[in-house]
Structure formats: C-alpha cells, structure tokens
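Just so it is clear, the values below take in all heavy atoms, side chains as well, and ignore hydrogens, waters and symmetry mates. Below, read A as the first sequence line, B as the second, and so on, with proteins coming before strands; counting in each chain starts at 1.
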2 protein chains.
Amino acid sequence: MAAYTATALKAELNEKGWRLTPQRETILTVFQNLPKGTHLSAEDLYERLQQEDSPISLSTIYRTVKLMTQMGILRELELAEGHKHYELNQPHPHHHHHLICIKCSRTIEFKNDSALKIGAKVAQKEGYHLLDCQLSIHAICPQCQRSLIP
Amino acid sequence: MAAYTATALKAELNEKGWRLTPQRETILTVFQNLPKGTHLSAEDLYERLQQEDSPISLSTIYRTVKLMTQMGILRELELAEGHKHYELNQPHPHHHHHLICIKCSRTIEFKNDSALKIGAKVAQKEGYHLLDCQLSIHAICPQCQRSLIP
DNA sequence: TTGTGTGCAAAAACTTTGCAAATAA
DNA sequence: TTATTTGCAAAGTTTTTGCACACAA
C-alpha cells in the first residue's frame, strides 16, 4: 500500500538535518490510507486524528503539511474558497489534475500525461527542480449553470 | 488597448441583474493597463488606487475581484503563500501559465497551447462551462536550490 | 423608485509564531 | 547531549459580513 515507507521518509528528513517524529509518520500514514480522490484540509486532518485517538496539534499539522509539500511528498490543492487541501503527490501513473466548479467546488479528477510532460519540460528548461504540476480547470458545473442562485 | 470595454462590461453585468458602477469600471481599467506579467493582490490594488486618488474600499475590492473572477474576466492566481493574485483572463494568443518557486515565489510565465486545449476538452466532456485553465508548476528555482536556508 | 452596491467597522476564518518542555539522533 | 520538534496560547493576516446610506437602472 505504502508507496513511501517511514524508513524512506526518515532518510530523506535526516539528509537535511530534520527528524522523523511519530507525528510526521502518523500524518504520512493518514494520507497513504486515504481513499483515492480524497483530499484533506489542515482542519480535516486535525479532526480525523482526534477521532482516531492520535491527536496532533493544529500547529504541528500546519508545520508538517508545509514541510511535506516542500519535500514534494504532498501537493497543495486550491479546490475551494478559503483553505487549502492536501493529498499525496503521486508519480506518473497515478498523477492527476482537477476540474473544479467555482460555484459549488464539485471537483472531478482527470489524468493527462501531456500536461505532466509539459510541466517537466518547462521546469527543466528553466533549471527549476520540479515538485508538482497541476492543470487546474476552473469552470461552472452543469448543475450550477442551471441554478439561478448567483 | 482595452480588449474589453466598459460598455461590454455593463452589458454582461446587466444581463444578470448587476450594475456597472464607477468602482467596477475603475478596477477593470487598472487591470487592463497593467504591464504584461503583473498581477495584483487585493491589497496591492487597494494601495494603487489610493495613490492614484481614486480610492476604493477593501471590501469593494474583494467583492469586485470575486465577481469578475466568476464572470471569467479576471483569473485568480496562487503565486505565493498567504494571498491570491489577480490578472486579466486573456484569450488564446495571450493566455499563459506559471512556473512558481515555492521557496521565493519567483515566477516565470509561459505559453502552451496544448495545456489550454486539454482544459477546454475536459471541461466540455464533463459539461462544465470553462472559465479558466492554469497549468501551475511548483518547483524550486536555481537560486533556492543552491541556498542553504531551509 | 427600488433594489443593488459601497464604505465602514467589526467579525470571521485560516495560519503563523514565541516559548518552555519533550524528544530524536 | 543538544539541536530539533511539539503543544499551547496568543497574535497575525487575509477575507467576509452586517448595516445604513448612496446610487444605477
């Protein structure tokens, strides 16, 4: 299941002088066990851990998701107004993009290899080290097109 | 210069029962006169209008950029931590994407027709009404790769 | 004339930070 | 041992909202 083990996480952290803590391991595990298509906000993650009786403070959650995003382990998604969502940053065959309704936030995931290739090419050309590549389509879903509510 | 006139804006607003106000017209003009590659946060726009002696309240600015984004006139960019940036949502030959350094926010714009085409195709297939399509590449720029600061 | 839009101030929502205690290496 | 990490509480930032007045249609 785990594409990325605690051992690998530890190695990568240590390489930069950071440490593997139970909190970091727990958070990684939560994301690895999430059903496909699920993404969590910091608050979601906080509540989920409380319910699972492995509470982690909100500060630590914010610090950890930021760290993991910068390591390329998580990706930060802008799916709805007001807060960010996170999901595992998966490699090629699982990598995907999002079509998002700006009215109701209904989101559809889709895969597209060329978008990913374009991203890799542009990053390489400019000498940037690629972390994540997202094709985000902002649109209005069929239901909201019909709705009269602004 | 203006790809989109005040008259066109008024027509589009009125169609939905909204009104063309001086504030809305001013904000559209600011974006139309922005040099290529410039994007403004709500606060940037607020300060700029103050300096130009056409002050508009922050609330109105937030309300207006949101409205114009939902109309497809502006696009909302997630270029740096903490706040959104806005720019004109321009059609085909001017449409572009962003390569963003997650450490220092250094941003490079690039054009890519296929990314735009993919976006249009996916939206159509799902029956969504397309507003904006952004290929966002999150990466670390050459300078920040060399830097030792975490 | 009438319902929409604005500005103000206050509140809300989300995220970050300082610090002392805990802990991974 | 010692520098990193955590949790807590407080603060910071960005954005939204309620309301009375102004104003576009």
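Rounding to whole angstrom units, CD1 of residue I61(A) and C1' of dT16(C) are separated by 14 Å. Rounding to whole angstrom units, OH of residue Y86(B) and P of dT14(D) are separated by 13 Å. E78(A) has its CD atom 13 Å from the C1' atom of dT15(D), to the nearest Å. L9(A) has its CG atom 13 Å from the C1' atom of dA24(C), to the nearest Å. The separation between H85(A) atom NE2 and dA13(C) atom C1' is 13 Å, rounded to whole Å. In this structure, the CE atom of M71(B) is 11 Å from the P atom of dG5(C), given to the nearest Å. Atom CD in E25(B) sits roughly 15 Å away from atom C1' in dC23(D) (whole-Å rounding).
Taking 4.0 angstrom as the limit, K66(B) places a side-chain polar atom (N or O) nearer than this to OP1 or OP2 of dT16(D). Between R19(B) and the phosphate of dG3(C), there is no side-chain N or O to OP1/OP2 separation shorter than 4.0 Å. Between T21(A) and dA24(C) there is no side-chain N or O to OP1 or OP2 distance below 4.0 Å. Taking only side-chain nitrogens and oxygens, K10(B) never comes nearer than 4.0 Å to OP1 or OP2 of dA24(D). Between R63(B) and the phosphate of dT6(C), there is no side-chain N or O to OP1/OP2 separation shorter than 4.0 Å. The side chain of Y62(A) places no N or O atom within less than 4.0 Å of a non-bridging phosphate oxygen (OP1 or OP2) of dT16(C). Look at K84(A) and you won't find any side-chain N or O under 4.0 angstrom from OP1 or OP2 of dT15(C). OP1 or OP2 of dG7(D) lies within a sub-4.0 Å distance of a side-chain N or O belonging to Q23(A).
A donor-acceptor pair under 3.5 Å links the side-chain atoms of R75(B) to the main chain of C133(B), judged by distance alone.
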Grab the N/O contacts between the protein and nucleotides 9-11 of chain D below 3.5 Å, and write none if there aren't any.
{"unit_1": "dA9(D)", "atom_1": "N6", "unit_2": "S59(A)", "atom_2": "OG", "d": "3.4"}

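Sorted by residue number, the list of members of residues 42-58 of chain A with any non-hydrogen atom under 4.0 Å from DNA chain C is empty.
K84(A) NZ to L77(A) CG: the interatomic distance, rounded to the nearest 0.5 Å, is 11.0 Å. With rounding to the nearest 0.5 Å, the separation of CG in N14(A) from CG in L20(A) is 7.5 Å.
Using cut-offs of 30° and 60° for the angle between ring planes, the H97(A) and F110(A) rings count as tilted.
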Please report the C-alpha distance between I108(B) and K125(A) in whole Å, then the side-chain angles of each, then the deciding distance to 0.1 Å, and finally whether the side-chain contact (heavy atoms from CB on, under 4.5 Å) criterion is met.
-> CA-CA 11 Å; I108(B) 293 178; K125(A) 182 187 160 211; over 6 Å; no

Under the side-chain contact (heavy atoms from CB on, under 4.5 Å) criterion, do F31(A) and L74(A) qualify, and how do the steps go?
-> CA-CA 9 Å; F31(A) 280 106; L74(A) 297 180; 3.8 Å; yes

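Close placement of the H98(A) and H96(A) rings is indicated, their centers lying within 6.0 Å of each other.
Taking H83(A) as the reference, H85(A) meet the ring pair (Phe, Tyr, Trp, His ring centres under 6.0 Å) condition, with sequence neighbours excluded.
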